[in-house]
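A short worksheet on the structure shown next.
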Amino acid sequence: MLKRIIQNTDKRCLWKMVYNLGVKGTLSFNRFQRRLKRGEFFPAFHFISVTDDCNLHCQGCWVTGKKKNHRLSPKQLNQIITETKAKGSYFFGILGGEPLLYKSLFDVFREHSDCYFQLFTNGTLLNPSVAEDLRKVANVTPLISFEGDEQIADVRRGGRNVYQRTWEAVENATSAGLFTGVAMSVCKSNLELALSPDFINSLIQKNVAYLWYYIYRPVGENPSVELALSKEEIQQLRQFMVDARSEFDIAIIDAYWDENGNGLCPAASGLSHHINAAGFVEPCPVIQFATDKAGEKPLDELYRNSVFLKELKQEIPRKTSGCIIMEDPAWVVEMAEKQGATDTSGRGNEAERLRNMPKVPSHGSGIPVPEKSWVYRFAKKKAFFGLGAYG
C-alpha cells in the first residue's frame, strides 16, 4: 500500500501530507491530550462547513431544507483557521453543502499552506482543472463520497448519473497525483456495495489511498429513518472493516470505534467540533444546536466557557458510547432547551423533528471487535486522529 501511494502521489502533495498531516497532526493531537490533563479544552481539529449551497439533494443531509443558505465569509474562515493554529492545530475538515461551490476556497488553501485540509465533496464538480488546482496547492486530500451503485446513487443523492460522475472525479483526482480518499455513508441500500471486495479492489486499481466508512445517521429535512442500519448490520460492518484492514492494500478508516472495538463519540471526547456555515459552533454536524458563534468571541474563550459543550461531553458518555442523536434524539432536545441552545438547522423545527424521530441502533451496542493489526491499534491509541476517530 505504501509503495503504491508513494509511486502515484505527486511528490509535493506527498510531502505536505507527511509533514502537515502526519508530523504536525500528531503533535497537535499530543497538545490536545496535554490540555485535557491540565483540565483545559480546545479540540484537536475542526470540521468547518464553508457553505450550505449544494448541487445535489441527498437523503439524510443536514443542510437541505434551510429557509436561507449561509456561507462563511473569507474573513470569518481565515479567523477560525488562524485562531485554531494558535492552539497548535493544523488540520481541518472542509464540508458543505458542496465546498467546491465556495468561491474563495482555493485562496484559503493557499493562505494557509502550513495546514492540511480534508475536502468532503460529492465529486460532481471535481473536473481535471479543479484536480490540477488541488495538486498545485498540495495541502488538500479530496474525500469523495460514494453512496451506491448506478441505481442507488441517484436515489440517495437526488441527482442523475451520480455514480458515473463520482468515478470520473476519482479518476481526475488520482490522475493529478492527489492523495485521494473515498467515503461511504453506509445504510441499508448500499450495505452490499460497502461489503463488496470487488468495489474495494476497484478503488485500489484507481490508486485511491483510503476508504472511510461512516454509519448513516438520519438527520435533516429528509432523514429517511428506514435506511438506518440494524444492530446486526452494524456488527457485520464492524467485523468486515477489521478483517478488511488485513486483506486489502488500502487504508480502511472508521469514525466510531477505539482500538479495542469499543464505541465512542468524537464530539463527546472533545476531539472535534463543527462550525457551520452560519458560524455556529456545534458539537458535531448532526447535532444542530449551539449556544455560541465563532467571531463573537475568541475560540479559546468560547471553548473555555461553553457550558453547553461541557455538559454534553460529561453527559453523553453516561448514556451511551454510540451516537446520542440516533439512540435518544429526544434527550438531545432536553439538553439543548436546558442550556438555552439555538436551533442551528436553519429549518426552525429541529426540536420537533427529534422528539418525533424513532430511536435507531448506533455503533455503541454490539459485541466489541478489537483491531487485529498492531498498526491500526497504535494509530487509534497514540497517533493523530486517535481515540478511534479516524483510525
Side-chain angles (χ1 to χ4, degrees), residues 58-62 145-149 152 155-156 183-197 199-200 211-220 222-247 252-269 271 283-287 312 315-335 353-372 376-377 380 387-391:
C58 301
Q59 296 168 318
C61 176
W62 58 78
S145 298
F146 263 90
E147 294 303 322
D149 58 20
I152 297 300
V155 175
R156 283 277 292 112
M184 183 180 293
S185 180
V186 184
C187 62
K188 287 188 181 296
S189 63
N190 63 22
L191 179 61
E192 183 178 355
L193 182 67
L195 303 180
S196 167
F199 173 66
I200 297 178
L211 171 58
W212 189 353
Y213 287 116
Y214 304 91
I215 292 175
Y216 177 82
R217 292 168 291 180
V219 296
N222 180 21
S224 302
V225 177
E226 69 279 1
L227 292 178
L229 297 176
S230 67
K231 179 179 176 180
E232 293 73 22
E233 288 167 334
I234 294 173
Q235 187 80 33
Q236 182 184 13
L237 176 64
R238 170 62 182 166
Q239 184 67 61
F240 175 81
M241 287 190 296
V242 170
D243 294 339
R245 286 173 173 139
S246 302
E247 296 174 9
I252 306 290
I253 312 301
D254 72 78
Y256 304 109
W257 292 277
D258 67 14
E259 73 277 10
N260 295 315
N262 298 311
L264 58 85
C265 168
S269 72
L271 186 65
C284 75
V286 299
I287 298 181
L312 286 176
E315 297 301 324
I316 289 177
R318 294 173 181 170
K319 293 186 66 65
T320 179
S321 61
C323 179
I324 191 66
I325 204 80
M326 300 171 73
E327 295 186 16
D328 198 347
W331 180 87
V332 177
V333 178
E334 293 174 8
M335 284 295 294
R353 185 189 74 80
L354 290 177
R355 283 196 182 98
N356 295 326
M357 189 179 107
K359 298 179 180 180
V360 295
S362 84
H363 60 283
S365 58
I367 302 171
V369 183
E371 297 292 344
K372 295 179 180 178
Y376 281 92
R377 291 186 66 85
K380 285 193 168 191
L387 302 180
Y390 291 76

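Since we're looking at a predicted model, the values are computed, not measured. Reckoned from all heavy atoms, side chains included, excluding hydrogens, waters and symmetry mates. Numbering starts at 1 and runs along the sequence shown.
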- For Ile367 and Arg238, run side-chain contact (heavy atoms from CB on, under 4.5 Å): C-alpha distance rounded to whole Å, both residues' side-chain angles, the deciding distance at 0.1 Å, then the answer. CA-CA 10 Å; Ile367 302 171; Arg238 170 62 182 166; over 6 Å; no
- Note on the structure: Residues at least two apart in sequence or cross-chain that pass salt bridge (Lys or Arg N to Asp or Glu O under 4.0 Å) with Glu315, listed by chain then number, are Arg318
- Query: What's the spacing between Ile215 CD1 and Met326 CE if we round to 0.5 Å?
  - Reply: 6.5 Å
- Can you see which heavy atom on Arg217 is nearest to which on Cys323, and at what distance? CD-SG, 3.9 Å
- Message: For Glu233, give me all partners under salt bridge (Lys or Arg N to Asp or Glu O under 4.0 Å), at least two apart in sequence or on another chain.
- Response: Lys188
- Item | Nearest-0.5 Å distance, OG1 of residue Thr320 to CG of residue Asp328 | 9.5 Å
- Query: Rounded to the nearest 0.5 Å, how far does CG of Leu354 lie from CD1 of Ile287?
  - Reply: 9.0 Å
- Message: Just to verify, what does Lys359 make a side chain to side chain donor-acceptor pair (under 3.5 Å) with, not counting sequence neighbours?
- Response: none
- In this structure, OG of Ser365 is separated from CD1 of Ile234 (nearest 0.5 Å) by 6.0 Å
- Query: When you measure from the side chain of Asn190 to the backbone N and O of Leu193, does any donor-acceptor pair fall under 3.5 Å?
  - Reply: no
- Message: For a side-chain contact (heavy atoms from CB on, under 4.5 Å) check, start with the C-alpha distance between Met241 and Ile253, then their side-chain angles and the critical distance, and finish with the verdict.
- Response: CA-CA 8 Å; Met241 287 190 296; Ile253 312 301; over 6 Å; no
- Spacing of Leu237 atom CG and Tyr256 atom OH [to the nearest 0.5 Å]: 9.5 Å
- Item | Test item: Arg355 side-chain N/O and Ala330 main-chain N/O as donor-acceptor pair under 3.5 Å | no
- Query: Side chains of Val225 and Pro358: closer than 4.5 Å at any heavy-atom pair?
  - Reply: yes
- Task: Show your reasoning for whether salt bridge (charged side-chain N to carboxylate O under 4.0 Å, His left out) applies to Lys231 and Glu327.
- Result: CA-CA 11 Å; Lys231 179 179 176 180; Glu327 295 186 16; over 6 Å; no
- salt bridge (charged side-chain N to carboxylate O under 4.0 Å, His left out) between Arg245 and Asp254, intermediate numbers included: CA-CA 11 Å; Arg245 286 173 173 139; Asp254 72 78; 2.4 Å; yes
- Can you name the closest pair of heavy atoms from Tyr216 and Cys187 and give their distance? CB-CB, 3.6 Å
- Query: Sub-3.5 Å donor-acceptor pair from the side chain of Tyr213 to the main-chain atoms of Val186, do we have one?
  - Reply: no
- Task: List for me each residue that meets side-chain contact (heavy atoms from CB on, under 4.5 Å) alongside Ser196, sequence neighbours excluded, and say none if there are none.
- Result: Asp198, Phe199
- Query: Where the side chain of Ser224 meets the backbone of Glu226, is there a donor-acceptor pair that is under 3.5 Å apart?
  - Reply: no
- Message: Tell me the closest heavy-atom pair linking Cys265 and Gly322, and the distance in Å.
- Response: CB-O, 3.8 Å
- Please name all residues satisfying side-chain contact (heavy atoms from CB on, under 4.5 Å) with Ala228, sequence neighbours left out, ordered by chain then number. Val360
- Closest non-hydrogen atom pair, Arg377 against Asn260: NH2-OD1, 2.9 Å
- Check the pair Trp257 / His363 against side-chain contact (heavy atoms from CB on, under 4.5 Å), numbers first and verdict last. CA-CA 8 Å; Trp257 292 277; His363 60 283; 3.5 Å; yes
- Task: Starting from the C-alpha separation in whole Å, work towards a yes-or-no answer on side-chain contact (heavy atoms from CB on, under 4.5 Å) for Tyr214 and Met184.
- Result: CA-CA 6 Å; Tyr214 304 91; Met184 183 180 293; over 6 Å; no
- Note on the structure: Sequence neighbours excluded, the answer for side chain to side chain donor-acceptor pair (under 3.5 Å) partners of Asp149 is none
- Considering residues at least two apart in sequence or located in another chain, which fulfil the side chain to side chain donor-acceptor pair (under 3.5 Å) criterion with Arg353? Glu350
- Starting at CH2 of Trp62, measure out to SG of Cys284 and round the result to the nearest 0.5 Å. 8.5 Å
- Can you list the residues that meet the side-chain contact (heavy atoms from CB on, under 4.5 Å) rule with Ser321, with sequence neighbours excluded? none
- Query: What residues form a salt bridge (Lys or Arg N to Asp or Glu O under 4.0 Å) with Glu147, not counting sequence neighbours?
  - Reply: Arg156
- Residues at least two apart in sequence or cross-chain that pass salt bridge (Lys or Arg N to Asp or Glu O under 4.0 Å) with Lys372, listed by chain then number, are Asp243
- Item | Which residues share a side chain to side chain donor-acceptor pair (under 3.5 Å) with Asn262, sequence neighbours left out | none
- Query: Ala244: what forms a side-chain contact (heavy atoms from CB on, under 4.5 Å) with it, not counting sequence neighbours?
  - Reply: Phe240, Phe248, Ile252
